[in-house]
Protein chains: 2
Amino acid sequence: MTKRTLFTREHDYALRIAAYLASFNKDEIISVNELSTKLRISKIFTARIVHKLRIANITGAVQGKYGGVFLKSPAENLSVWDVINAVGTDIKINECLNEHYSCELLFGCKFHHMFHSVEKILIDRLKQEKISNYIFHQIK
Amino acid sequence: MTKRTLFTREHDYALRIAAYLASFNKDEIISVNELSTKLRISKIFTARIVHKLRIANITGAVQGKYGGVFLKSPAENLSVWDVINAVGTDIKINECLNEHYSCELLFGCKFHHMFHSVEKILIDRLKQEKISNYIFHQIK
DNA sequence: TTTAATTATTACTAATTTAGTAATATTTAA
DNA sequence: TTAAATATTACTAAATTAGTAATAATTAAA
C-alpha cells in the first residue's frame, strides 16, 4: 500500500533540531556536526535545514571556526507550526484549499468547507504546541 | 514554494463520486460516463476510482450495456473516512506514525505522541462526517 | 598570515509518487 | 451478434522528496 504523510522528513528533522537546541541556554552555540550526530540526520541535510531556520529568524548562527547555531527566542515562544513553516513547504489538507485554486465543479461542493474547518483545527493546535514542551532530555 | 497535501486528487475525486451517487435513489444506477462528465474527472480515472469503491464495498455495479454504479448503503452510514480509505493509500500525519517505523532517536522524542494525538482528532472528525452531509444539489 | 573548522549557498541526482493514459478483457441488454 | 458498459492491468510523464556534491565565505587560533 502506498504511503502518504502530511509532513516530510525535513519537517520532522526541523522539529528535532529546534527541540534539541531548546535544551541549551541561549549563550551556548551548537555545531551542525553535533546536531547531525545526535539527531541522526546527515550533516549536509542538517546544515540546509539549520540555514532555513535562520532565514525564518528562528535560529541565529555564529560563523567561522567554533561557530554554531542557537535558538533566537525562548522555546516557550516558538511553536511547532513556526518550525514547520520555516521549511517552506505550503502544507494543506487538500488541494482545493490552495490560494489560487478554482474549483471546476459547477454546483456547490461542500467538502471545501469541511476541509477548511479540519485544517484550521490542525493548524491551531500546532500553533498552541510550543517547542518548550518537546525538549529532548538527552545525555549531553 | 513547493506544495504538499495530505489528500491526493484521487481522494478528492472519490469523495465527489460518493457525494454525487448519494443524490440518487438506491435503485438508480449511474454510468461512469455521467460521473466523469459531471464531476470533471477523466473517464478512465473515474472508472478506476469507481472500481476501488466497489472493492471496498462502498458501491455496487451493474455490468454490461446500460450498466452503472450505485451506493450500496445509505449515505448516512458512509463516512468521509470510509471513502478516503477505499482509495488505498496509507495516510499519516508524520512518518513516525507508520506501523513498522522504529525511531532512531536514542532519547525520548515527545513529538510522536503529539502527532498521534493530532492525527486522532483529524481521523475521528472524518469518521463523524457522513457523505449525506455533502450531497451535490446539481441539475440532473 | 595562514590554516582549520565551521556555516552559507547553489546545483545536482536517484528513487518514489502522483495523476493520468492506453489497451484489452469481460459482461449483458437489445 | 453487437454495442455499450464495467473490470483490470500495464504504462508514462511530471513533480516531489530525500539526500549528495561542491564550493564560497567566515572566523578563531596557531
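In what follows, every chain begins at residue 1, and chains take the letters A, B, ... in the order their sequences are listed.
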Practice prompt. Pick base, sugar-phosphate or nothing for A:Y13, based on heavy-atom distances below 4.0 Å to the nucleic acid.
Written response: sugar-phosphate
In whole Å, what is the span from the [atom1] atom of [X] to the [atom2] atom of [N]?
| X | N | atom1 | atom2 | result |
| --- | --- | --- | --- | --- |
| B:K3 | D:dT17 | NZ | P | 13 Å |
| A:F7 | D:dA18 | CZ | C1' | 18 Å |
| B:N94 | D:dT17 | CG | P | 14 Å |
| B:E95 | D:dT17 | CD | C1' | 11 Å |

Fill in: salt bridge (Lys or Arg N to Asp or Glu O under 4.0 Å) pairs, two or more places apart, involving residues 4-16 of chain B
A:E95-B:R9, A:E104-B:R16, B:R9-B:D12, B:E10-B:K52, B:D12-B:R16
Discussion item. For D:dT17 and B:T2 - does any side-chain N or O of the residue sit under 4.0 Å from the phosphate oxygens OP1/OP2?
Written reply: yes
Discussion item. Donor-acceptor check, side chain of B:T89 to backbone of B:I91, threshold 3.5 angstrom: yes or no?
Written reply: no
Worksheet item: Is A:S31 reaching over with its side chain to a backbone N or O of A:G68, donor-acceptor style, under 3.5 angstrom?
Response: no
Practice prompt. Give a yes-or-no answer on whether the side chains of B:K72 and B:N57 include a donor-acceptor pair shorter than 3.5 Å.
Written response: yes
Worksheet item: Strictly by modelled atom types, are B:S36 and B:N33 linked by a side-chain donor-acceptor pair under 3.5 Å?
Response: no
Worksheet item: What are the residues of residues 42-52 of chain B, sorted by number, that bring a heavy atom to within less than 4.0 Å of DNA chain D?
Response: B:R48, B:H51
Discussion item. Please determine whether residues A:F115 and B:L39 belong to a single hydrophobic cluster, defined as Ile, Leu, Val, Met, Phe, Trp and Tyr linked transitively by side-chain heavy-atom distances below 4.5 Å.
Written reply: yes
Worksheet item: Reading nucleotides 25-30 of chain D 5' to 3', which nucleotides get B (base under 4.0 Å from a protein heavy atom), which S (sugar-phosphate only), which -?
Response: -BBBS-
Worksheet, complete the sentence: side chain to side chain donor-acceptor pair (under 3.5 Å) filter on A:E119, not counting sequence neighbours, yields none
Worksheet, complete the sentence: Whichever of A:I30 and B:E10 has the more 5' nearest nucleotide on DNA chain C, that residue is A:I30
Practice prompt. Considering only heavy atoms of chain B and a distance under 4.0 Å, specify the first and last nucleotide of DNA chain C in 5' to 3' order that meet this criterion.
Written response: C:dT18 to C:dA30
Practice prompt. Just grab all the ring pair (Phe, Tyr, Trp, His ring centres under 6.0 Å) pairs involving residues 29-67 of chain B, residues at least two apart or on different chains.
Written response: B:Y13-B:F45
Practice prompt. With rounding to the nearest 0.5 Å, note down the distance linking OH in B:Y101 to CG in B:N94.
Written response: 7.5 Å
Worksheet item: Would you call the rings of B:H116 and B:H112 parallel, tilted or perpendicular if under 30° counts as parallel and over 60° as perpendicular?
Response: parallel
Worksheet item: Between B:Y20 and B:F136, how do the two ring planes meet: parallel, tilted or perpendicular, split at 30° and 60°?
Response: tilted
Discussion item. Return whichever of B:A61 or A:H11 has its heavy-atom-nearest nucleotide of DNA chain D closer to the 5' end.
Written reply: B:A61
